[in-house]
Amino acid sequence: MELILDSAVIAEVEEIAAWGVLDGVTTNPTLIRRSGGDFKRTVQRIAELCSGPISAEVTALDTEGMVAEGRDLKESLPDNVIIKVPCTAEGLAATSILAGEGIDVNMTLVFSVSQALLAAKAGAAYLSPFIGRLDDRGEDGMHLIAEIMQVWNHNPDLTCKVLAASIRSVEHVEASARLGAHAATIPYKVFKQLIEHELTDSGIESFLADWDAVKAEGRN
Ligand code: E4P
């Protein structure tokens, strides 16, 4: 499963990229706003730090505008930048045009199996079902991932990658992996939690204490 960082903060991308496990980065207008940085400069720098797909989102709502923004982002930013397009009728048409030009699209704001199917049929390279936002309103986001993966398992012709998004917890990441999601985009805070385990910490402590004893006996 591809592990993607959901962030527009350069320092966060640098830190996680240094782990050697980062497959890509997703940004959105909210993350860009929070980062305080200039949109294109931020995406450019992220694309230099991580060679995997870096999602940059269009903001137009009409097909023509989305296609124009997508082409501009593709031309002005590094090759590994892919275009995030919202899951609307206009977004489907834009996706089909951009995909026809060889431009990879991440169809975002997917909340149902039917939207996922349409995104795949339009030619998106990734589709992003938002788990947390469904949970936030009392629905079961993981259930949507399970349903989409069930459809994908029965339809090998669907090659669009399912990118679990709006992740809130380590459990979301693990459940997405168990269900066979192709990728998960993970906020920085949760990414850091993926490596944490108290038994790892206490294990290191006891190994170090024993190694100190070995050294004290001159047996190192
Ligand atoms: C996905 O690409 C989005 O950037 C992201 O996962 C949205 O998550 P949120 O619901 O926490 O804003």
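Keep in mind that this is a model prediction, so the values were computed, not measured. As the structure lists them, so they are numbered: ligands from 1, and atoms in each ligand from 1. All values below come from the heavy atoms of this structure, side chains included, with hydrogens, waters and symmetry mates left out.
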One finds that the ligand 1 atoms under 4.0 Å from a non-hydrogen atom of Lys84 are 1 (C), 2 (O), 3 (C), 4 (O)
Carboxylate-amine/guanidinium proximity below 4.0 Å for Arg168 and Asp136: yes
Record the part of Ser166 in heavy-atom contact with ligand 1 below 4.0 Å; permitted values are side chain, backbone, both and neither. both
Determine, using heavy atoms of Thr108 and all atoms of ligand 1, whether some pair is separated by less than 4.0 Å. no
Nearest heavy atom to atom 4 (O) of ligand 1, choosing from Asn28, Leu109, Leu163, Ile131, belongs to Asn28
Starting from atom 12 (O) of ligand 1, find the nearest protein heavy-atom neighbour and note its residue, name and distance. Arg133 NH2, 2.8 Å
Applying the 4.5 Å side-chain criterion to the ILVMFWY set and letting contacts propagate, would Phe130 and Tyr126 be lumped into a single cluster? no
For the residue pair His154 and Gln150, confirm or rule out a side-chain donor-acceptor distance under 3.5 Å. no
So, Ser51 and Asn80: side-chain donor and acceptor under 3.5 Å apart, yes or no? no
Going by atom types only, do Ser55 and Thr26 share a side-chain donor-acceptor pair under 3.5 Å? no
Quick test: of every protein heavy atom, which one is nearest to atom 7 (C) of ligand 1, and how far off is it to 0.1 Å? Phe130 CE2, 3.5 Å
Please write down residue, atom name and distance for the protein heavy atom closest to atom 5 (C) of ligand 1. Asp6 OD2, 2.8 Å
No-hydrogen, no-angle side-chain donor-acceptor test under 3.5 Å, Glu12 and Ser7: yes
Of all the non-hydrogen atoms in the protein, which one sits nearest to atom 11 (O) of ligand 1, and at what distance? Arg168 NH1, 2.7 Å
